[in-house]
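What follows is a single structure, written as structure tokens, with notes after it.
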Amino acid sequence: MCGICGIVGPAADRQTDRVRAMCAELVHRGPDGEGILPLAGATLGHRRLSIIDLSTGSQPIGNEDGRVQVVVNGEFYGFIPQREALEARGHQFRTKSDSEIAVHLYEERGPDFVEDLRGMFALALYDVDRGRLVLARDRFGKKPLYWCQRDGHLLFASELGGLLAHPSVAREPCMEAIDQYLGLGYVPPPLTGIARVQKLGPGERLVLDRGSEPKIERYWELDFEPKSQVSVDDAQDELLELLYEAVGLRLISDVPLGAFLSGGLDSSLIVALMARQMSQPVKTFSIAFAGGDNIDARTARIVADRLGTAHTEFEVGPDSLGNIPQLVRNHGEPFADPSSIPTFEVSRLAREHVTVALTGDGGDELFAGYERYRWTRQLALVGRAGPHALGLLARGAGGVESRVPARAARIAKRVRRVAEEAGRPLDERYVRLVTQFGADHKRVAYTPEFASRFGTRASEEYLLGVMRGAPAELSDRVCSTDQQTYLPHSVLTKVDIASMANALETRAPLLDHRLGEFAARLPTSMKLRGPHGKWLLRRVAEDLVPREVLHRPKRGFGIPMSTWMRGPLQPLVREVLGDGRLDARGIFTPAAIRSALDNYMSGAARDDNTFWVLLMLELWFRIVIEGEDLSGWQTAA
């Protein structure tokens with residue numbers, strides 16, 4: 001796992017000092033070494049975190065004559081058979097690194113070589129003779145890659161900070177990206193938080209030939225058809241085989257290795273499969289929260305005990321929010337998932353013991369594990385009652401909501417919401433479930449000028465556009481949408497930034513693309529059945545993990561945000577959001593901000609997500625755009 005950067009264009013080989021400055025912003029991704037290589041028309045930079053081939057795997061890595069060079073952030077799994085096949089066809093290798101297969105595959109296939117790579121990666125390959133640059137991201141988007149064009153050159157880097165180190169890249173906010181962030185909690189590609197800077201999407205490659213403009217294409221996406229016709233027993237056997245293989249490939253490492261253990265099904269299953277393939281106890285890491293219920297931590301202890309792991313648990317308190325400035329800098333653009341904080345903490349503390357950690361990321365999106373998938377199906381069933389019946393039900397429930405005891409009022413409110421949502425088009429219902437700062441909220445909170453510039457439905461239209469290209473069957477459509485949006489741009493971005501900030505490599509076996517292709521072809525009945533999602537995955541896990549985790553609801557590393565924010569951190573939060581600087585940015589009306597802050601702190605509003613979105617936005621403006629040093633945040637907290 002590493003950080004990559006570079007410059008391509010006329011006389012770019014004379015810009016080694018600038019590439020060195022870009023590398024300096026990526027040291028946390030690769031503290032073990034630096035490689036900078038000037039070439040005719042390019043300079044490539046690399047910061048290395050040594051995982052495989054510790055002695056000879058430094059990058060950039062070239063082909064036999066050095067005319068094709070590559071820098072890679074990530075890992076190629078199952079590369080040894082590929083290397084042997086390439087050697088049999090006459091290719092010569094200088095190292096034992098997995099990254100070296102890329103240049104030789106390129107010699108045979110040109111830019112299509114990325115289709116032969118299995119793993120997680122963001123890479124940049126430069127062909128001196130053709131003056132060609134190839135940038136590519138892995139299929140699911142585990143590794144990030146940013147790029148821009150300035151003054152006749154193309155610049156690229158693993159993080160926005162690497163690009164911002166170049167003097168031609170101004171710290172100018174992209175207001176369109178901010179509007180999208182407010183709706184989604186993240187900035188979707190190709191936008192970034194910085195004006196005129198883009199990022200590649202999952203499964204995309206960019207090819208720039210000398211004298212031409214960059215061409216971007218998607219080289220892979222999941223296909224949900226035709227559906228598999230295998231029996232449940234055969235599907236279970238095949239899934240178990242794929243899981244064993246995916247985990248086994250990710251156990252190859254020349255440095256200490258362990259796993260995150262949240263206490264949920266996915267991470268517990270990964271640890272169980274690791275335990276069956278490792279000769280030593282698996283090193284597992286979990287967290288507990290000061291002031292939290294810690295059900296997850298207790299369940300993780302049960303799993304660790306039953307599987308015989310070497311388990312370490314860390315307690316995280318409000319002072320962990322002192323790491324927010326570092327996370328904001330590393331993201332380089334607004335990002336609003338608060339679980340990035342405990343992910344940062346568990347990464348930081350795990351790094352004291354291991355250099356690689358396996359995770360359970362991807363199980364919910366591939367096997368329909370989120371509660372909202374079941375909620376969407378229930379709404380579809382209720383929606384069959386027809387608009388007239390739903391209207392009567394919504395009005396009736398709303399009419400009694402304020403005239404009955406609290407418990408009955410909660411039931412009436414839920415009935416009203418179900419009736420209202422069920423009357424909307426299917427895709428619109430789902431979009432409303434997953435947006436953070438919805439169109440209704442924007443209409444009230446935005447200034448007239450900002451609303452006239454971007455409207456209030458850009459985030460909804462983005463998601464609806466993805467859904468229109470997704471499968472026709474409802475469950476496949478929502479899973480596909482999450483796989484293309486929430487998974488790469490929120491979940492995987494969070495894990496990459498939080499782990500690499502601590503020079504920890506994370507690997508996600510459930511996001512092996514062959515396993516993903518198998519899951520996509522499964523019929524819905526093997527994912528959603530009864531009260532739970534992930535039906536087939538749970539069936540596979542029955543003989544591998546403790547029963548306590550089989551039917552637990554999805555939780556993850558979530559923090560007790562309300563308790564902390566309304567408690568010990570309230571003065572600090574009021575200072576950031578209440579000093580008028582966010583008011584002056586021209587996005588929100590001052591009254592909307594004050595009302596949101598007062599309602600939240602008083603407990604009248606329980607929408608933690610909306611509040612957190614605002615806080616992270618203002619901190620991003622101060623830290624990234626204005627360069628303010630908030631390293632004293634922790635002391636203040």
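Index from 1, following the sequence.
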Using distance alone, with no hydrogens and no angle criterion, decide if [X] and [Y] have a side-chain donor and acceptor under 3.5 Å apart.
X: Glu365; Y: Tyr370; answer: yes
X: Arg132; Y: Tyr106; answer: yes
X: Thr95; Y: Glu100; answer: yes
X: Asn330; Y: Glu159; answer: no
X: His91; Y: Glu108; answer: yes

How long is the gap from [atom1] on [X] to [atom2] on [Y], to the nearest 0.5 Å?
X: Gln180; Y: Thr192; atom1: CD; atom2: OG1; answer: 12.5 Å
X: Ile625; Y: Ile194; atom1: CD1; atom2: CD1; answer: 4.0 Å
X: Leu145; Y: Leu123; atom1: CG; atom2: CG; answer: 8.0 Å
X: Asp266; Y: Thr359; atom1: CG; atom2: OG1; answer: 9.0 Å
X: Leu49; Y: Leu26; atom1: CG; atom2: CG; answer: 13.0 Å
X: Leu184; Y: Leu463; atom1: CG; atom2: CG; answer: 5.5 Å

Minimum heavy-atom distance Gly332-Trp620, with the two atoms named: O-NE1, 3.0 Å
Glu25 to Ala165 - nearest heavy-atom pair and separation: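 What the structure gives for the nearest pair is CG-CB, 3.7 Å.
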Verdict with supporting geometry, Val169 and Arg150, side-chain contact (heavy atoms from CB on, under 4.5 Å): CA-CA 7 Å; Val169 182; Arg150 295 290 192 277; 4.3 Å; yes
Worked verdict on Tyr430 versus Arg372 for side-chain contact (heavy atoms from CB on, under 4.5 Å): CA-CA 8 Å; Tyr430 193 70; Arg372 60 178 177 263; 2.8 Å; yes
Whether over 12 other heavy atoms sit under 6.0 Å from Arg218 CZ: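 More than 12 heavy atoms, drawn from other residues, nucleotides or ligands, come within 6.0 Å of this atom.
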Neighbour count above 12 (heavy atom, 6.0 Å) for Glu626 CD: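 Counting neighbours around CD of Glu626, more than 12 heavy atoms of other residues, nucleotides or ligands fall under 6.0 Å, so yes.
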Intermediate values then yes/no, side-chain contact (heavy atoms from CB on, under 4.5 Å), Leu135 and Arg205: CA-CA 5 Å; Leu135 302 179; Arg205 65 177 161 227; over 6 Å; no
Result of checking Phe76, Phe140, Phe79, Tyr77 against Phe121 for ring pair (Phe, Tyr, Trp, His ring centres under 6.0 Å): Phe76
Arg109 charged N/C atom sitting above Phe113 aromatic ring, 6.0 Å / 45°: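 Because its charged atom misses either the 6.0 Å distance or the 45° angle limit, Arg109 does not stack over Phe113.
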Salt-bridge contact Glu172-Arg196 (side-chain N to carboxylate O under 4.0 Å):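 Answer for the salt bridge query: yes.
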Parallel, tilted or perpendicular, as decided by the 30° and 60° cut-offs, for the rings of His489 and Tyr186: tilted
